[in-house]
2 protein chains.
Amino acid sequence: MGKRVTILDVAAAAGVSRQTVTRAINDMGDISEPTKRKVLAAAERLGYRPSRFARSLVTRQKTHAVGLVVASLRNPYFTDIAADMLSEAAARKWQLMIAASERDSPELLQLLSTQVDVIVGHFGLPDAEIRDAAQGLPIVLLEGRSDLPGVHSVEVDIESGIGDAVSALRARGARRFGMVDSAYSERIRGAYEPTPKRQWFEAAVGDGLAGVVVGEESISGGGRAFAELMRLHPDIDAVLMFNDLMALGAVQSAHAIGIAVPGDVRIIGVDGLALGDAVDPPLTTISLDQQSLASNTLDIVEIIAKADFARIAPIHRTVRSKVLWRESA
Amino acid sequence: MGKRVTILDVAAAAGVSRQTVTRAINDMGDISEPTKRKVLAAAERLGYRPSRFARSLVTRQKTHAVGLVVASLRNPYFTDIAADMLSEAAARKWQLMIAASERDSPELLQLLSTQVDVIVGHFGLPDAEIRDAAQGLPIVLLEGRSDLPGVHSVEVDIESGIGDAVSALRARGARRFGMVDSAYSERIRGAYEPTPKRQWFEAAVGDGLAGVVVGEESISGGGRAFAELMRLHPDIDAVLMFNDLMALGAVQSAHAIGIAVPGDVRIIGVDGLALGDAVDPPLTTISLDQQSLASNTLDIVEIIAKADFARIAPIHRTVRSKVLWRESA
DNA sequence: AACCGATCCGTGAACCTTCACGGGAATGCC
DNA sequence: GGCATTCCCGTGAAGGTTCACGGATCGGTT
């Protein structure tokens with residue numbers, strides 16, 4: 001099993017005191033060259049490694065860590081966000097710890113909460129559960145909103161983006177609207193429930209709604225769901241895909257089935273992935289400024305930290321979305 | 001400024017002892033319901049949050065953390081790896097801390113090294129520098145190899161994949177080979193130096209080599225470099241792109257220039273991204289088993305941990321690569 | 001009245017490092 | 001020889017939590 005080798009073991013082995021070992025390890029001066037070498041050799045021999053916990057405890061931890069929880073690392077949308085968060089965090093001298101909530105959210109949160117100072121992210125849980133699992137840690141909800149104390153948020157105004165997209169699609173002649181929603185809630189909560197995007201979309205299209213199908217959040221899942229939607233409602237001429245990843249699958253699927261895009265059906269995604277520009281036809285999408293999402297989030301995090309993580313009034317921000325017209329719609 | 005509120009503050013405020021506060025916070029029994037409520041109320045009021053360092057120090061931290069350093073979070077290849085690492089780590093009850101080495105590698109490593117038990121990843125630094133920055137932490141090199149003590153590795157046998165690809169391309173009639181290499185080293189070390197992939201490729205094609213161009217590691221960078229390569233050497237009939245991301249750009253660029261793929265030029269990437277299947281034509285690629293890369297890595301990490309992080313003989317593993325024939329070559 | 005078990009709560013120690021300070025030896029100078 | 005200086009090194013304390021143990025209180029039993 002082997003106990004941990006501490007600074008005292010090294011000190012004993014080298015025949016010096018703790019402090020001298022510290023001086024050698026962190027090369028601090030006030031130590032002669034021979035002694036330093038002797039200590040370093042002993043440390044090397046014993047495989048000594050300072051406990052990062054003891055060290056942080058006494059140095060009062062100047063650099064903080066923020067834990068980012070994303071739904072999946074397989075979706076470029078989330079990894080782009082992670083990348084932006086990483087830059088923003090680095091610029092502020094914060095460390096970023098990433099976890100994916102694909103499963104076991106509560107356990108994962110509890111584990112994470114022992115390692116970081118703030119938790120930010122997308123969660124597949126009810127707000128109250130999140131708060132409990134976080135054990136009192138401040139939380140920043142991404143693309144969500146809660147009125148619990150200690151739960152901050154950065155919302156994304158997808159709603160207006162959807163509204164804009166629908167009116168523009170109407171202006172371009174679209175009449176029969178369809179949507180592929182995410183089956184996300186099915187996996188998390190056991191039963192499907194309409195996402196906010198679907199609700200906003202339904203409100204926007206009114207009786208122009210022809211049908212909705214749910215699918216898995218992946219390229220292939222989007223492709224399958226799109227094909228199913230078109231099979232059920234062949235007269236649809238405009239489709240909103242839950243996200244760009246699924247929209248990519250839809251474009252591909254349309255190509256395979258022989259549906260012209262945007263000739264027969266206009267396809268529009270959500271997220272604004274750069275990737276959407278690399279396919280044919282380039283994907284029209286409701287894009288949000290991820291950079292701004294990230295910087296707003298870290299702003300909040302920094303405010304919380306400045307307040308020494310004491311309980312402060314929840315902060316809520318909103319970033320706008322806009323339709324990025326490329327060629328698929 | 002505000003000093004940190006400790007367990008003693010809460011104890012004083014609630015009129016009980018430290019231990020009772022602990023019992024209330026971690027609800028442990030041996031405490032009456034009214035007292036518990038009283039303590040919890042005091043904690044809430046003061047905004048008390050246990051120090052994760054002090055706590056970890058005494059509980060001897062059962063869950064460890066591994067730090068993953070990737071070159072970029074904008075390349076699906078790396079995020080896929082991160083995703084696999086995350087699953088593997090989670091299955092083993094490890095936490096994963098991700099950092100991107102896009103810049104400041106040494107500082108970043110030092111910061112990271114105070115937070116984790118092992119460091120794994122792709123680094124843009126000489127091995128020795130890595131070792132120094134890691135401050136004695138065990139290191140697992142991804143897709144690399146070093147003979148320094150304490151530096152383990154998981155290599156990827158791209159070389160044989162490139163060999164296989166070249167002979168198959170020859171069998172399909174390719175004669176004039178070109179390559180787009182990564183300009184990576186330029187950014188990191190100031191001057192371009194051929195990557196191993198280029199060296200293996202040149203060895204494989206022999207005097208069939210028509211030309212090499214370097215480009216930035218992105219879709220658009222790949223597209224530009226490919227266009228440049230074809231402008232300089234119009235007779236090329238097969239191109240190896242440094243990675244799939246750049247290959248995606250090449251396919252797109254070929255389409256724009258009016259070069260037929262694979263009719264005029266066969267294009268082949270490296271990485272095996274699932275994304276390559278979503279473009280037209282689907283991308284042929286030298287794929288490696290990322291899952292196995294991740295599991296091998298975490299295997300090593302676990303072995304190191306089992307040895308209580310004592311110095312053990314470096315472990316080296318290799319995962320194979322194989323050509324995934326789709327339609328672009 | 002003495003005893004007993006159950007229930008609740010508090011005290012000393014441990015975890016491992018760094019910080020602040022103080023002390024000894026060697027050297028140089030008057 | 002006495003004294004200050006410099007250079008190395010060691011000791012006590014602190015940092016905030018949890019663990020192991022011991023003590024107090026209380027209702028009930030003999």
Side-chain angles (χ1 to χ4, degrees), chain A residues 1-40 42-43 46-64 113-115 117 135-137 308-309, chain B residues 1-40 42-43 46-64 113-115 117 135-137 308-309:
Chain A
M1 280 294 112
K3 279 183 54 62
R4 178 183 187 98
V5 29
T6 82
I7 199 173
L8 288 166
D9 301 326
V10 179
V16 296
S17 73
R18 303 172 316 214
Q19 181 61 20
T20 302
V21 177
T22 295
R23 282 191 262 258
I25 296 290
N26 310 353
D27 57 21
M28 303 172 60
D30 276 1
I31 185 175
S32 70
E33 199 51 45
T35 317
K36 184 168 171 179
R37 269 199 302 274
K38 189 174 58 178
V39 171
L40 253 28
L46 299 186
Y48 167 69
R49 213 165 50 73
S51 152
R52 67 176 199 264
F53 298 110
R55 175 174 280 177
S56 305
L57 180 60
V58 66
T59 54
R60 291 170 100 18
Q61 189 61 0
K62 280 153 190 51
T63 63
H64 302 278
S113 69
T114 69
Q115 310 260 19
D117 304 290
Q135 319 207 46
L137 238 59
D308 266 313
F309 303 95
Chain B
M1 281 291 114
K3 278 183 55 60
R4 175 179 190 101
V5 31
T6 82
I7 198 172
L8 288 165
D9 301 327
V10 179
V16 297
S17 73
R18 301 173 317 212
Q19 181 60 22
T20 302
V21 177
T22 295
R23 282 192 261 259
I25 296 289
N26 311 353
D27 55 19
M28 303 173 58
D30 274 1
I31 186 174
S32 70
E33 198 51 45
T35 317
K36 185 169 171 180
R37 268 200 303 275
K38 189 173 57 179
V39 172
L40 254 29
L46 299 184
Y48 167 68
R49 212 167 50 74
S51 152
R52 65 173 201 265
F53 299 110
R55 171 175 283 176
S56 306
L57 182 60
V58 65
T59 54
R60 287 165 100 19
Q61 191 61 2
K62 279 152 191 53
T63 63
H64 302 278
S113 69
T114 68
Q115 308 259 19
D117 304 289
Q135 320 207 44
L137 237 59
D308 267 313
F309 303 94

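Protein chains get the first letters and strands the later ones, always in sequence-line order, with residue 1 at the start of each.
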* Structure fact -> Per atom distances to the Pro50(B) side chain, the nearest of dT11(D), dT17(D), dT18(C) is dT17(D)
* To do: Could you list the residues that satisfy side chain to side chain contact (heavy atoms under 4.5 Å, CB included) with Thr6(B), not counting sequence neighbours?
  =>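 Applying side chain to side chain contact (heavy atoms under 4.5 Å, CB included) to Thr6(B) gives Leu8(B), Asp9(B).
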* Asked: Ala11(A): what forms a side chain to side chain contact (heavy atoms under 4.5 Å, CB included) with it, not counting sequence neighbours?
  ->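 Ala11(A) satisfies side chain to side chain contact (heavy atoms under 4.5 Å, CB included) with Val21(A) only.
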* Asked: Which residues within residues 29-37 of chain B lie with some heavy atom under 4.0 Å of an atom in DNA chain C?
  ->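 Nucleic-acid contacts, sorted: Asp30(B), Ile31(B), Ser32(B), Thr35(B).
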Can you list, pair by pair, the side-chain donor-acceptor contacts under 3.5 Å of residues 33-40 of chain A, counting residues two or more places apart and other chains?
unit_1, atom_1, unit_2, atom_2, d
Thr35(A), OG1, Ser32(A), OG, 2.5

* Between the axis at one end of the helix from dA1(C)-dT30(D) to dC30(C)-dG1(D) and the axis at the other (five pairs apiece), what's the angle to 10 degrees? -> 70°
* Whichever of Val16(B) and Ala54(B) has its nearest DNA chain C nucleotide further upstream toward 5' ->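 Here Val16(B) is the residue nearer the 5' end.
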* OP1 or OP2 of dC16(C) under 4.0 Å from side-chain N/O of Ser51(A) ->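 So the side-chain polar atoms of Ser51(A) never come under 4.0 Å of the phosphate oxygens OP1 or OP2 of dC16(C).
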* Counting just side-chain N and O atoms, does Thr20(B) come under 4.0 Å of either OP1 or OP2 of dG10(C)? ->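 So the side-chain polar atoms of Thr20(B) do come within 4.0 Å of the phosphate oxygens OP1 or OP2 of dG10(C), strictly under.
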* To do: With rounding to the nearest 0.5 Å, note down the distance linking CG in Leu46(B) to CD1 in Ile7(B).
  => 12.0 Å
* Gap separating the CZ atom of Arg18(A) from the CD1 atom of Ile25(A), nearest 0.5 angstrom -> 14.5 Å
* Rounded distance in Å - CG (Asp27(A)) to C1' (dC8(D)) ->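 Interatomic distance, CG of Asp27(A) to C1' of dC8(D): 16 Å.
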* Provide, to the nearest angstrom, the distance between the CZ atom belonging to Phe53(A) and the P atom belonging to dT17(C). =>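 Distance check: Phe53(A) CZ to dT17(C) P gives 12 Å.
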* To do: Return each pair, listed once, that meets side-chain hydrogen bond (donor to acceptor under 3.5 Å, both in side chains) where at least one residue sits in residues 21-30 of chain A; pairs must be two or more places apart or across chains.
  =>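 Matches after skipping sequence neighbours: Asn26(A)-Arg55(A).
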Nucleotide N/O of nucleotides 19-25 of chain D paired with protein N/O under 3.5 Å:
unit_1, atom_1, unit_2, atom_2, d
dC19(D), N4, Gln19(B), OE1, 3.0

